[in-house]
Amino acid sequence: METHEITKRFLSHFENKGHTRVPSAPLILDDPNLLFVNAGMVQFKPYFLGEAPPPYPRATSVQKCVRTPDIDEVGKTTRHNTFFQMAGNFSFGDYFKEGAIEAAWELITKPQSEGGYGLDPARIWATVYEDDAEAAGLWKKLTGLPGERIQSRDGKDNYWDMGVPGPGGPCSEIYYDRGPDYGREGGPVADEDRYIEIWNLVFMQDVRGDKSPKHGHKPIGELPKKNIDTGMGVERVATILQGVENVYETDLVRPVIGRAEEFSGRRYGSDHTDDVRFRVIADHARTGVLLIGDGVTPGNDGRGYVLRRLLRRIIRSARLLGVHEPVLPAFAAVVRDTMGPTYPELVSGFDRIEDVVRVEEEAFLSTLTSGSRIFDLAAEETKRSGGSLLAGDKAFQLHDTYGFPIDLTLEMASEQGLTVDEEGFRTLMNEQRQRAKADAASRKTGHGDLSEYRKVLEQHGETEFLGYTDLQAEAKVVALLEDGVPVSRVGAGKKAELVLDRTPFYAESGGQVADTGVLLGDGVELKVHDVQKIVPGLFVHRVEVLDGEIGIGGALTGSVDQHRRLSIERSHSATHLVHAAVRGAYGKRAAQAGSLNSPGRMRFDFTTSGGVSADVLTEVEEEVNDYLQTNVEVNTFVTTKDKALELGAVALFGEKYGNDVRVVDMGEYSRELCGGTHVDRIGQLGLVKLVGDSSIGSGVHRVEALVGTDALKYVRKEQLLVSQLASTFKVPSEQLPSRIDDVLTRLKNAEKEIEQLRTQQVLGSAGSLADKAEDIGGIAVVAEKLGEGVDSNGLRALASDIRGRLGDRPGIVALFAPQGEKVAFVVATTKAAQAKGVAAGKLVPSFAEAIGGRGGGKPDMAQGGGTNPAGADQAIASLRAAVAQVG
Ligand code: SER
């Protein structure tokens, strides 16, 4: 049975039982605790907690899920998947254990001809939580499952929560026995490879606190109602119904392996190591494409980093399969074809997905190329020194500087008959990790434990934001925290975090920086430095008490720094207009990838497939400024998300919008979903001046602009600079470019001339240097340190000249020429010296160390360089000593 058929049957089964079919949520939801959506229940969390009334008593969905803690295990075992689909049925205070067990049993055992999965009831096992006799009894009563096929397990296996405080409950799991070929008898408690879990029924009834009942801790409360949350692993059921070995071989995953076989010419199933690589490719390609489809772009932290790791692991695995050409766009196309019927965003957004993977792959392949060069050098050095162990610091440098994965280093080393000091590598990696951890901990927004903030939110509700209309407001203090710990009072000179019931201060979000200002009360004055929504809905003011003391319940009047706020608003409105103009120029594929709206200055990042030309940016600037003259009103209104999208509002990928959204309109030109603050009319922007554009990697382009008075100041500064230059060069400003060109050309010619004169002068000194030759053991030795400015050609010419002047005598010429922080050298020997066995190249090691260098050459002439010019005198002494030994 095809996977699409499995999900279709699941949804119909539950729809027929009164469940509302709900589409999968995107993989990213606005939850600070969750990197990616990892279960079907995530989008329904507020209904379980009683935070929002459920719009339906029963729901069913097939949710796309990503779980990434075990990335390194993927492919090695056949159970780990980073992407999977979870089919679920949910009851919000409606049916409970009995309804869940009955409906699940019916679907899995009903014959396929009647719309079920037709699994043999004799192969089904169930588990229940500890002493959940009720569940065990229901299994027997409703399904006839014999007692010996119902096993009880502790919280580790049979209690489910989200891994963080929130809803949870005991569960009952359904297993399928794959038969004796797959492992030991004894049910799921004995062997989870033979008995595979296909469905988890969670009896969602508890509120879990900081510690999980999984580990024996008591729940801290009961949910308002008893609920059901189930999750059936679609890929696992497909494995069984398609009679294949593992999920990688099911109909929606195997085609990627097929494509990788075509690329590599190798076959899946013929070599274990290769198979792991094939599976990594198949798993990660799906996850990567689905993530990009939901708006994630590769980056260096958070979600972006996970995506980057996945994509790089695919490229690396392909390389280890012997494929050196780009593969990602081809794999992405296979994923689109297999998954597109369920997730149409993969088809409609494929151009963008393809752009993202292509650019990422190009960047990584060039990294691999430069890394390979460094690897070759390191390998050569190791062999030359007679060793066979590549140093740990080399492997670390490859990893750290060139992003070169360690297993590639291992593989390449073994191809050259070398091993790698893995322990040394790991020690350095650990040290680096510790540094990164310490660094993250010291960052100002690094709130590890959010529980206190959540408590404040639970107790007092969301902060009412007044700052769309008011820049001043009276409010009451509802919470105070010092270093994340609740306190009741804070006195003068102290810094603290303060939560008000209502506030005119904007908290940083959507790229708009936070407001600053003051809070005044009876005998108390506070300065507001920053405002962050540490948990959604809760505005946390970072304040410093300048005077007096403030306590919970205290009344304060907040005043936002108006001048600064207006300046920020101009930037934010400018960002919307630049966004609209960029979309006009580059089409919808130019998606916003980030922005920063600070006083007088805006930054806007967007993705493009190709380069961004200066001409287009000039047009963008012109179009925006032209449009400012219409002075249209900025309108904001709240509507439903669907309506807003219908009106053509631009929504950002990866942002979670509730059902009601705020739309910001600037005439017909720009319409975006946005929670930020804006000017009233766009004429207030005055001037938008683009001041910089750059590529920040992975196809993301950044433009920066100054707005209003700051733009004017910038233009004025540039103008002043130009007029200063014009007066220095004594030409009208429009002639400056040709004048500067002219001066530069003359300067270059003059430098060349000086160089030639210098060389002539040095060459002219050949006679006097030859005269200074000193006899060491019958060999005429000229060893000199020259002045700055002799290039390598001059050096060689001079050495030849001096050698010529030594005539038939056995002679050695060694010259050292400092060149800034480096030093070049040349050693030349006469025929007679060579006849005595003195070879120029052999003399180099005698002094190379002194100048921090290396080099080599033939018996008559050797040349090279070093990084320590100060060691030249020592080098000359060492050379003399070496000659004395020969002589
Ligand atoms: N939430 C449970 C799980 O993820 C069942 O849906 O396993």
Side-chain angles (χ1 to χ4, degrees), residues 6-7 10-11 13-14 19-25 27 29 31 33-49 54 58-70 79-97 99-101 103-105 107-108 126-129 132 135 153-176 188 192 195-208 212-214 219 223 225-237 247 287:
I6 294 172
T7 52
F10 189 97
L11 293 170
H13 176 73
F14 285 100
H19 292 65
T20 302
R21 187 189 287 231
V22 180
S24 171
L27 282 165
L29 282 182
D31 184 332
N33 290 311
L34 217 52
L35 205 52
F36 303 114
V37 168
N38 59 1
M41 55 74 65
V42 173
Q43 64 169 323
F44 303 116
K45 190 173 94 172
Y47 310 147
F48 291 128
L49 288 173
R58 303 172 175 202
T60 180
S61 71
V62 176
Q63 173 68 47
K64 36 186 169 175
C65 296
V66 167
R67 291 186 188 174
T68 52
D70 297 319
R79 269 191 299 173
H80 287 94
N81 272 184
T82 56
F83 174 86
F84 58 94
Q85 301 182 82
M86 190 182 277
N89 55 295
F90 307 89
S91 146
F92 311 113
D94 190 23
Y95 61 87
F96 198 46
K97 295 185 185 177
I101 292 173
W105 180 261
L107 176 63
I108 54 177
T127 60
V128 297
Y129 176 59
D132 188 354
R153 303 184 87 174
D154 65 11
K156 206 161 77 30
D157 291 296
N158 277 42
Y159 190 93
W160 198 88
D161 59 43
M162 296 174 73
V164 289
C171 46
S172 182
E173 296 180 334
I174 306 176
Y175 287 78
Y176 179 80
E192 285 206 36
Y195 302 88
I196 58 169
E197 181 202 330
I198 55 172
W199 203 336
N200 184 11
L201 314 181
V202 184
F203 310 132
M204 201 71 108
Q205 58 188 28
D206 304 329
V207 180
R208 173 212 133 133
S212 175
K214 265 180 166 313
L223 290 173
K225 290 181 176 158
K226 291 194 186 310
N227 312 285
I228 286 296
D229 152 34
T230 86
M232 183 189 87
V234 171
E235 283 75 6
R236 294 202 181 166
V237 173
V247 295
T287 314

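In this text, all values refer to a predicted model and were calculated from it rather than measured experimentally. Every number for a ligand or one of its atoms is a count from 1 in the order of the listing.
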What protein heavy atom is closest to atom 1 (N) of ligand 1, reported as residue, atom name and distance in Å? D229 OD2, 2.7 Å
Which residue and atom name correspond to the protein heavy atom nearest atom 7 (O) of ligand 1, and how close is it? N200 ND2, 3.1 Å
I'd like to know if the side chain of Y47 pairs up with that of N227 as donor and acceptor (distance under 3.5 Å, no hydrogens or angles considered). no
For [X], counting its heavy atoms only, list the atoms of ligand 1 lying under 4.0 Å from any of them.
X    : answer
G231 : 5 (C), 6 (O)
V202 : 2 (C), 5 (C)
T230 : 5 (C), 6 (O)
M41  : 1 (N)
A39  : 4 (O)

So is M86 touching ligand 1 or not, going by heavy atoms under 4.0 Å? yes
R67 heavy atom under 4.0 Å from ligand 1: yes
Closest heavy-atom pair and its distance - C171, N200: CB-OD1, 3.2 Å
Mind listing the closest non-hydrogen atom pair of Q43 and P23 along with its distance? NE2-O, 3.2 Å
Do I228 and F203 come close enough that some side-chain heavy atom pair is under 4.5 Å? yes
For a 4.5 angstrom cut-off between non-hydrogen side-chain atoms, does P170 reach V128? no
When the ring centroid of F48 is compared with that of F92, is the distance short of 6.0 Å? yes
Of N89, V234, V237, the one forming a side chain to side chain contact (heavy atoms under 4.5 Å, CB included) with F10 is N89
